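Okay, so here's the structure we're looking at.
Numbers restart at 1 for each chain; the letters A, B, ... are given by sequence-line order, proteins then strands. On a predicted model such as this, the values are computed, not experimentally measured, just so you know.
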Number of protein chains: 2
Amino acid sequence: MDLSALKTALLVRDVGSFAAVARLLDLDASSVSRVIAQLEQDIGFRLFQRSTRSLAPTSEGELYLNRIAPLVEELEAAGDEARTTAISPRGILRMTASISFVQECLIPILPEFRKRYPEIDIELLASDANLDLRAEGVDLAVRFGSLPKGDWIVAKLMTTSYRVVASPEYIEEKGPLSHPDDLSERDCICFAIPGFRTYWQFRKGGDAESFSVPVGGATVISNALSIRSAARLGMGVALLPIMLVQRDLAKGTLLDLFPDHACAATSFETAAWLIYPSRSYLPQKVRVMIDFLKAEVRRSGS
Amino acid sequence: MDLSALKTALLVRDVGSFAAVARLLDLDASSVSRVIAQLEQDIGFRLFQRSTRSLAPTSEGELYLNRIAPLVEELEAAGDEARTTAISPRGILRMTASISFVQECLIPILPEFRKRYPEIDIELLASDANLDLRAEGVDLAVRFGSLPKGDWIVAKLMTTSYRVVASPEYIEEKGPLSHPDDLSERDCICFAIPGFRTYWQFRKGGDAESFSVPVGGATVISNALSIRSAARLGMGVALLPIMLVQRDLAKGTLLDLFPDHACAATSFETAAWLIYPSRSYLPQKVRVMIDFLKAEVRRSGS
DNA sequence: TCAAACTCATGCGTATTATGCATGAATGGA
DNA sequence: TCCATTCATGCATAATACGCATGAGTTTGA
């Protein structure tokens, strides 16, 4: 049963002639004749009684067509409205990012986003776990690290860099560190993610060769904000993204231990990445959030 | 947009896998993949987010499919119910017959029909006019005369014959008629139909040559029952079908003037004909009335 | 009353679409 | 790490849709 066949039948009912419907649809009348004949065969009863020059609906045909007309109309409307919803910024935007990114970067700018797009509701999944984006029904993810793999579309939001920091109290009590190699003998607060626990990477100057320093310590935390808090409390040395510590560095609550070195956990080529399901049929709500985040990054210059 | 594509999409939503749906429908998975892809292109947004080994509905997809699911179901139900109605004896049977046939033949047997088929309502169009059956939305017609022309199906209900009759009072007052030729000098009550007004046909014996007798009179009536009433009142000689006069003849209220002749208005090969739109997709209500009328004719032996 | 115009049905040939097979890329589970 | 499975897609073939041509029948206008 074809929906366009049903619409043709409804048109025949309204217009009263295969030939006239054929002219309206720019078809051959034989095609209309066959469409209706096939439909009658599919549904098992006759819709129209016809002679060589006229036709009229049968009583069953009339009942049936009157019944399906609103259904066909509503099916069309359902498609139109769903399409409109997909292309106009509305609905629930379900996104995920690390807890720290949510807290430090997203929450502060969400009021402006909500003000600009009042019809988009935000559902934030703050998680440091490597979520299954599809299973979680996520529209948009912000991920840090190397270029993510997979079939989802990836766009760079911003580059990131890391700093090795400690509190003034810690330095005063335990003494300064003159070189990254010294870290192997210090209490480091490590991130509970493979690659963050055991080696930190360093490079002095843009072209210089990088080197790894083994790190360890009594404290492993899964949450970057908590790592920052622990560092503030003098519990040790921490490697944290610049976005989390730039205010502490400015205030002097944390000190950048190796300002002449580029620092990283696993790779120097890290960034904040926007990850979304596909380019085709991208809902407008996702599109506008992507644009909004990119604009925010440009505005703040980081 | 195809209804079976929508049904496939609903099945994919429920089952969660192209491959599984393909197995259910005995299709190749590539066909399911293409059906969904085509549907997404037709409606202009993505229904399912998929990777190489899994898929999940998009939020728009979920909204859309939830909305159309009852519509699709109701379209199917509409077809099923209409088909059931067409094949089970129910609904309104709209039929037409001459006023006299309705009065003398149909009305008396309708109670039995209604008792047997209580869910069939009868709409009787009693008319001596040559109605446009299709325009009037007629399901079944009973017509007298020669074999009807046209594209509707025709089945003989019963043969008919005509008798020339007058009341005893008329004969007593005006004198008897010894031969049909005498009619041209008598007052005949004529039927207001071409072919009935100006000549009556006679034939004596099965193989004898027929002859026409010109008739006329001051009275032309469009209703056979009224012609009969007028004849009973002695207003003249009438040519009437046997079914209308057999009781009067038995009671002696009308006399058969030429019992040795076959009589006719236009042709000796006349009958009562059942006329219905087509053999294919014949609604059961029409079928059962046809069968009922034929059985009634067999039962009464006329 | 007759001829022309029109409608609907259908045969036929061609264009278009649907389908399965084969294959590749990617993912998930053992 | 490897194998099984899923989804996408190229390709060839099968199936269907379509227009053209034609015929039968009806309706309308001259």
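- When the side-chain nitrogen and oxygen atoms of A:Arg50 are compared with OP1 and OP2 of C:dA9, one or more of them lie within a distance under 4.0 Å.
- At whole-Å resolution of the value, CD1 in B:Ile36 and C1' in D:dT9 are 16 Å apart.
- Contact annotation: side chain of B:Ser30 to base of C:dC21, donor-acceptor pair present below 3.5 Å.
- Within 4.0 Å (heavy atoms only), A:Ala29 reaches no atom of the nucleic acid at all.
- Rounding to whole angstrom units, CD of residue A:Glu40 and C1' of C:dC8 are separated by 12 Å.
- Here C:dA18 presents its C1' atom at 14 Å from CG of A:Asp2, a figure rounded to the nearest Å.
- A:Phe18 has its CZ atom 17 Å from the P atom of D:dT26, to the nearest Å.
- Among the nucleotides C:dC8, D:dG19, D:dC18, the one closest to the side chain of A:Ser17 is C:dC8.
- When the side-chain nitrogen and oxygen atoms of B:Arg23 are compared with OP1 and OP2 of D:dT6, one or more of them lie within a distance under 4.0 Å.
- Counting non-hydrogen atoms of other residues, nucleotides and ligands closer than 6.0 Å to CD of A:Glu73 gives a total of 12 or fewer.
- Distance CZ (B:Arg34) to P (D:dG10): 8 Å, rounded to an integer number of Å.
- In this structure, the CG atom of A:Leu55 is 11 Å from the P atom of C:dT7, given to the nearest Å.
- Of the charged side-chain nitrogens involved, none lies within less than 4.0 Å of a carboxylate oxygen, so that B:Arg94 and A:Glu62 do not count as a salt-bridged pair.
- One finds no side-chain N or O of A:Ser33 lying less than 4.0 angstrom from the OP1 or OP2 phosphate oxygen of C:dT7.
- Between B:Leu47 atom CG and D:dA8 atom C1' the separation is 17 Å, expressed in whole Å.
- Side-chain atoms of B:Ser33 do not come within 3.5 Å of backbone N or O of B:Ala29 as any donor-acceptor pair.
- The separation between A:Asp28 atom CG and C:dA9 atom P is 13 Å, rounded to whole Å.
- The A:Ala19 side chain lies nearest to C:dC8 when the options are C:dC8, C:dC12, D:dT9.
- Heavy-atom minimum distance, B:Arg67 versus A:Ala78: NH1-CA, 3.6 Å.
- The side chain to side chain contact (heavy atoms under 4.5 Å, CB included) test with B:Phe18 singles out one residue from B:Val32, B:Leu11, B:Thr8, B:Leu27, and that residue is B:Val32.
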